[in-house]
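Shown next, in structure tokens, is the structure this report addresses.
Within every chain, numbering begins at 1; the chains are lettered A, B, ... in the order of the sequence lines, protein sequences first and strands thereafter.
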Protein chains: 2
Amino acid sequence: MTRLVKGQQNKEVLIEREPIDIESFKKMIRQMGLKVTKQRVHILEAMSSGRAHITAQELFEKLNKNHPEIGFATVYRFLKNMTEHSLVTEVRMGGFPARYELTPNQHHDHLNCTQCGKIVEFENESIEELQLAVAKKFNFKLTGHVLELYGQCDQCNSKGSDT
Amino acid sequence: MTRLVKGQQNKEVLIEREPIDIESFKKMIRQMGLKVTKQRVHILEAMSSGRAHITAQELFEKLNKNHPEIGFATVYRFLKNMTEHSLVTEVRMGGFPARYELTPNQHHDHLNCTQCGKIVEFENESIEELQLAVAKKFNFKLTGHVLELYGQCDQCNSKGSDT
DNA sequence: TTCTAAATGATAATGATTTTCATTGACATT
DNA sequence: AATGTCAATGAAAATCATTATCATTTAGAA
């Protein structure tokens, strides 16, 4: 556990953690034209492990345990940055906080449970094709889309519906 | 050179909507089990005319011109109420304020031109069916969806393509 | 007309996210 | 290795959409 004593020139002591590919994280950051900072590397590390769809707050709290020197503004800023560079994909549901995931190489859409927040990823080639057809029909050059399905998952459904 | 004239953005191509009279507004309100107030009637009037996809703020401002006695809390409250009763459909995208429209008898999705802001409404039964199939596959009870297509419309396309 | 719960408007509160700004730090260049 | 510069950071304040609070008003039943 890294403990940083306040008021002291604290050198970051790296805890020995899984040998995640730190070099490729750095490469990603450089590709965005940004400077490599330990905060950014830590953020990428945190995102590449654990729950896939995480909120900025959750990510901040997760980081805060081992790296309390990282402010939430930095987390938000970097997430936004990565989203703009398509390295991260932002999923927004209803009025809930946005969730982020490292952009998967394979495209997918989301099925969201409005009750417990569970997110299921799916991919449907037929839907993709139909979207292209629609765009073509209206003479649009399709550049992107958002498809989010909302509903209640199996568990929430069977749990009855009070509250 | 594409030139974006400000007043020209966000034009909409509308699917035809039937005009609604005050009596049916009152009927709608009673159907929800709510009291008929002049505020609510005015809100419905404002929604049934003009731009189809409006934010709560825009709606409030529009109403404010002729009915400055209507507070925005009332607008928000009633919109939420109507949304819960499915009389109004809420469209949320990105981190932008939610947009509302009187629930169209004919369901539709949107095709957005990212260059001039034009919105084309479309409806595709096959896509709807596939969505239901996806939900069923994962044992979700589908309650709603957001399908937004993004691209460049015919005009913007032929107009050349720099920003 | 009277009564009462529902509705309203003004305002404060909330929660997520963004901005500000003084300080720190990355990194290209000596 | 030391330096200079400007991007990056953290803390705090600000913002923005939305919701809650609460004293007052009003719809509509009695």
Side-chain angles (χ1 to χ4, degrees), chain A residues 4 6-12 22-23 25-44 46 53-61 63-64 66-85 88 90-100 117, chain B residues 22 25-44 46 53-61 63-64 66-85 88 90-100:
Chain A
L4 289 180
K6 289 194 176 171
Q8 199 174 318
Q9 290 287 26
N10 31 44
K11 257 276 176 85
E12 170 76 7
I22 294 189
E23 264 320 305
F25 290 149
K26 293 186 178 176
K27 208 170 289 176
M28 289 168 70
I29 297 171
R30 290 201 191 90
Q31 275 174 353
M32 290 189 272
L34 301 174
K35 290 182 177 174
V36 173
T37 65
K38 57 178 184 283
Q39 289 92 333
R40 286 170 173 167
V41 172
H42 287 325
I43 290 172
L44 279 171
H53 303 88
I54 198 168
T55 67
Q57 278 299 331
E58 286 166 357
L59 185 55
F60 167 71
E61 280 158 25
L63 283 160
N64 203 245
N66 296 320
H67 310 286
E69 76 279 6
I70 300 180
F72 63 87
T74 300
V75 174
Y76 274 100
R77 267 186 298 236
F78 192 45
L79 279 176
K80 195 180 182 188
N81 232 323
M82 290 196 291
T83 300
E84 282 161 2
H85 286 269
V88 156
E90 191 184 52
V91 180
R92 288 179 184 267
M93 163 170 70
F96 297 101
R99 291 190 172 275
Y100 300 86
Chain B
I22 293 191
F25 288 150
K26 294 186 177 176
K27 207 172 290 178
M28 288 167 71
I29 298 171
R30 290 199 192 91
Q31 274 174 355
M32 288 189 273
L34 301 175
K35 290 181 177 175
V36 173
T37 65
K38 55 178 185 289
Q39 289 91 333
R40 285 171 173 168
V41 172
H42 286 145
I43 290 173
L44 279 171
H53 306 87
I54 197 168
T55 67
Q57 278 300 331
E58 286 167 358
L59 185 55
F60 167 71
E61 281 159 25
L63 283 161
N64 203 245
N66 297 320
H67 310 286
E69 75 280 5
I70 300 180
F72 65 85
T74 300
V75 175
Y76 272 100
R77 265 187 300 237
F78 193 43
L79 278 176
K80 195 179 181 188
N81 232 322
M82 290 197 291
T83 300
E84 282 161 2
H85 285 267
V88 156
E90 193 184 50
V91 179
R92 287 179 184 266
M93 274 173 42
F96 298 102
R99 290 190 171 274
Y100 300 86

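Summarising the geometry, atom CG belonging to B:Asn64 is positioned 10.0 Å from atom CD belonging to B:Gln57; distances are rounded to the nearest 0.5 Å. Rounding to the nearest 0.5 angstrom, the gap separating the CD1 atom in A:Ile54 from the CD atom in A:Glu61 is 9.0 Å. Here OH of B:Tyr100 is found 9.0 Å from OG1 of B:Thr55. Values are rounded to the nearest 0.5 Å.
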Could you encode protein contacts along nucleotides 8-17 of chain C as a string, one character per nucleotide from 5' to 3', using B for base contact, S for sugar-phosphate-only contact and - for no contact, with a heavy-atom cut-off of under 4.0 Å?
BBBB----SB
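The bend of the helix from C:dT1-D:dA30 to C:dT30-D:dA1, defined by the angle between the axes of its first five and last five pairs, stands at 30° to the nearest 10°.
In this entry the distance linking CZ of A:Arg30 with P of C:dA26 reads 12 Å, nearest Å.
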Without placing hydrogens or testing angles, list every side-chain donor-acceptor pair under 3.5 Å for residues 66-82 of chain B, not counting sequence neighbours.
none

Please set out all donor-acceptor pairs under 3.5 angstrom arising from side-chain atoms of residues 29-41 of chain B, sequence neighbours excluded.
residue, atom, partner, partner atom, Å
B:Thr37, OG1, B:Arg40, N, 3.2
B:Arg40, NH1, B:Lys35, O, 2.9

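Partners of B:Glu58 by side-chain hydrogen bond (donor to acceptor under 3.5 Å, both in side chains), not counting sequence neighbours, listed by chain and number: B:Arg99.
Of all nucleotides in DNA chain D having an atom under 4.0 Å from a heavy atom of chain A, the first and last in 5' to 3' order are D:dC6 to D:dA11.
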